[in-house]
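Below, all heavy atoms of this structure are taken into account, side chains as well, without hydrogens, waters or symmetry copies. Please read these numbers as outputs of a predicted model, since none were measured by experiment. Residue numbers count from 1 along this sequence.
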Amino acid sequence: LKKLIDISVSLKNPMPTWPGSIGFRLESLMGLDRGDEANVSRLDMDVHTGTHVDAPHHFVHGAPTVETLNLETLMGTALVVELPETDAITAQHLTELEIPSTVSRLLFHTRNSQLWQQDITEFQPNFVALTADAAQWIVDRGIALVGVDYLSVQRFNDSPLTHEILLTAGVIVIEGLNLTEVQGGFYQLICLPLKIAGAEGAPARAILLSEE
Ligand SMILES: [Zn+2]
């Protein structure tokens, strides 16, 4: 039997979104309580809200968009590593973790996950993310997918280099995971971004399955 862990965050208002973003809003267009024959809602958000996938087109002009991403990369064995004390994930951290060479999907459980768990709805700029040399380490190791537990794979005040290195190399990036209930180890990841033609990213539902 497999245990299922939902590592997606709820889309709701309020929730933390990137500064300058339009935020998240669900608006009723039709309502049973107003005499309409059904409930119908309208969704307002940018595609980098909550748990979502970045496609190369996010930072690389003319690069692949989200509906073309390989679903086989988005499903399969993933290693979760816990870095509770870390403020910036560097290449040195990654080297010290002694990650097996067979790993192709890597998810980082940091102190960020607590922000989702505690339902901190204001954006927190001091979140943990990857430095550019960590991004290069991931590319050099042939890792195909990385996941982080806040809204960006690069730190708030860093240059776009972390994104650029990963996305230029075709590494799929999942952002906005809640890994609170996930200990370090191997899991089966299933992450399915919405099939939005031409978009540089898309909201996704992500789950982990573990052997019990
Ligand atoms: Zn993004």
Review point. Do any N or O atoms from the side chain of Arg155 and from the backbone of Thr131 form a donor-acceptor pair under 3.5 angstrom?
Key: no
Check your understanding: Trp18 and Tyr150: aromatic ring centres closer than 6.0 Å?
Key -> no
Exercise for review: Look at the aromatic rings of His52 and His48 and report parallel, tilted or perpendicular, splitting at 30° and 60°.
Suggested key: perpendicular
Check your understanding: For Glu181, does the CD atom have more than 12 heavy-atom neighbours from other residues, nucleotides or ligands under 6.0 Å away?
Key -> no
Exercise for review: Answer yes or no: is there a donor N or O on one side and an acceptor on the other, between the side chain of Asp149 and the main chain of Leu177, under 3.5 Å?
Suggested key: no
Check your understanding: Is a side-chain N or O of Asp6 found less than 3.5 angstrom from the main chain of Ser8, in a donor-acceptor match?
Key -> yes
Point to revise | side-chain contact (heavy atoms from CB on, under 4.5 Å) assessment of Thr17 paired with Phe123 | key: CA-CA 6 Å; Thr17 53; Phe123 176 78; over 6 Å; no
Point to revise | Residue pair Leu167 / Val173, side-chain heavy-atom distance below 4.5 Å | key: yes
Review point. More than 12 heavy atoms of other residues, nucleotides or ligands under 6.0 Å from CD of Gln118: is that the case?
Key: yes
Review point. For the hydrophobic clusters of this structure (ILVMFWY residues joined by side-chain heavy atoms under 4.5 Å, transitively), does one cluster hold both Leu179 and Ile99?
Key: no
Check your understanding: Counting only N and O atoms by type, is there a donor-acceptor contact under 3.5 Å from the side chain of Gln154 to the main-chain atoms of Ser159?
Key -> yes
Check your understanding: Linking I/L/V/M/F/W/Y whenever any side-chain heavy atoms sit under 4.5 Å apart, do Val9 and Leu4 land together?
Key -> no
Practice item. Quick one: closest heavy-atom pair of Val103 and Ile143, and the distance? Key: O-CG1, 3.5 Å
Exercise for review: Any chance you could measure Leu151, atom CG, to Phe127, atom CZ, to the nearest 0.5 Å?
Suggested key: 7.0 Å
Exercise for review: Would you check if Ser10 and Trp116 make a side-chain contact, meaning some heavy-atom pair closer than 4.5 Å?
Suggested key: no
Check your understanding: Are there more than 12 heavy atoms of other residues, nucleotides or ligands under 6.0 Å from atom CD of Gln92?
Key -> no
Study note, to complete from the structure: Phe24 and Met15 have their tightest heavy-atom pair at CB-SD, 3.9 Å
Review point. Just checking, any donor-acceptor pair under 3.5 angstrom between side chains of Thr180 and Gln117?
Key: yes
Check your understanding: Leu83 and side-chain contact (heavy atoms from CB on, under 4.5 Å): which partner among Asn112, Leu97, Val128?
Key -> Leu97
Review point. Do any N or O atoms from the side chain of His93 and from the backbone of Thr90 form a donor-acceptor pair under 3.5 angstrom?
Key: yes
Check your understanding: Can you find a side-chain donor-acceptor pair between Thr51 and Glu175 that sits under 3.5 Å?
Key -> no
Check your understanding: So which heavy atom on Ile196 is nearest to which on Pro203, and how close?
Key -> CD1-CD, 4.1 Å
Revision key, fill the gap. Output for pair (Leu130 CG, Ile138 CD1), nearest 0.5 Å, gives 4.5 Å
Point to revise | Gap between atom CG of Asp158 and atom OG of Ser152 - 0.5 Å precision | key: 9.0 Å
**Study point:** Close side-chain approach of Glu67 to Thr65, heavy-atom, < 4.5 Å
**Key:** yes
Practice item. For Gln183 and His109, test the side chains for any donor-to-acceptor distance below 3.5 angstrom and give the result as yes or no. Key: no
Practice item. Answer yes or no: does atom NZ of Lys195 have more than 12 heavy-atom neighbours from other residues, nucleotides or ligands under 6.0 Å? Key: no
Point to revise | N/O donor-acceptor pair under 3.5 Å between Glu200 side chain and Asp54 backbone | key: no
Practice item. Please say whether more than 12 non-hydrogen atoms of neighbouring residues, nucleotides or ligands are located less than 6.0 Å from CZ in Arg34. Key: yes
Point to revise | Within one Ile-Leu-Val-Met-Phe-Trp-Tyr cluster: Leu145 and Phe186, side-chain cutoff 4.5 Å | key: no
Review point. Can you list the steps and then say if Ser41 with Glu27 is a side-chain hydrogen bond (donor to acceptor under 3.5 Å, both in side chains)?
Key: CA-CA 5 Å; Ser41 303; Glu27 200 183 334; over 6 Å; no
Study note, to complete from the structure: To the nearest 0.5 Å, atom CD1 of Ile207 lies from atom CG of Leu209 at 4.5 Å
**Study point:** Check: Leu94 and Ile89 side chains under 4.5 Å, non-hydrogen atoms
**Key:** yes
Check your understanding: What are the two closest non-hydrogen atoms of Pro125 and Phe156, and how far apart are they?
Key -> O-CB, 3.2 Å
Check your understanding: Quick check: does any side chain N or O of Arg105 sit under 3.5 Å from a backbone N or O of Met75, one acting as donor and the other as acceptor?
Key -> yes
Review point. In terms of hydrophobic clusters joined by side-chain contacts under 4.5 Å, are Leu69 and Val146 together?
Key: no
Revision key, fill the gap. Smallest heavy-atom separation, Val153 atom then Thr162 atom, equals O-CG2, 3.7 Å
Review point. For Arg141, does the CZ atom have more than 12 heavy-atom neighbours from other residues, nucleotides or ligands under 6.0 Å away?
Key: yes
Review point. Under 4.5 Å between any side-chain heavy atoms of Phe59 and Thr168, yes or no?
Key: no
Check your understanding: Taking side chain as C-beta onward, heavy atoms only, is Asp36 less than 4.5 Å from Leu29?
Key -> no
Check your understanding: Does Ile174 share a hydrophobic cluster with Leu71, counting links as ILVMFWY side-chain heavy atoms below 4.5 Å and allowing steps through other members?
Key -> yes
Exercise for review: Using a cut-off of 6.0 Å, state whether more than 12 heavy atoms not belonging to Glu72 lie near its atom CD.
Suggested key: no
Exercise for review: Taking the side chain as every heavy atom from C-beta outward, state whether Lys12 and Asp119 have any pair of such atoms under 4.5 Å apart.
Suggested key: yes
Study note, to complete from the structure: Value for OH (Tyr187) from CG (Leu107), rounded to nearest 0.5 Å, stands at 10.0 Å
Exercise for review: Please examine the side chains of Leu115 and Pro16, heavy atoms only from C-beta on, and report whether any two atoms are closer than 4.5 Å.
Suggested key: no
Point to revise | Point-to-point distance, once rounded to the nearest 0.5 Å, from CD1 of Ile7 to CG of Leu189 | key: 5.5 Å
Check your understanding: Do Thr86 side-chain atoms and Ala88 backbone N/O form a donor-acceptor pair below 3.5 Å?
Key -> no
Study note, to complete from the structure: In terms of heavy-atom contacts, Ala204 and Pro193 come closest through CB-CA, 3.7 Å
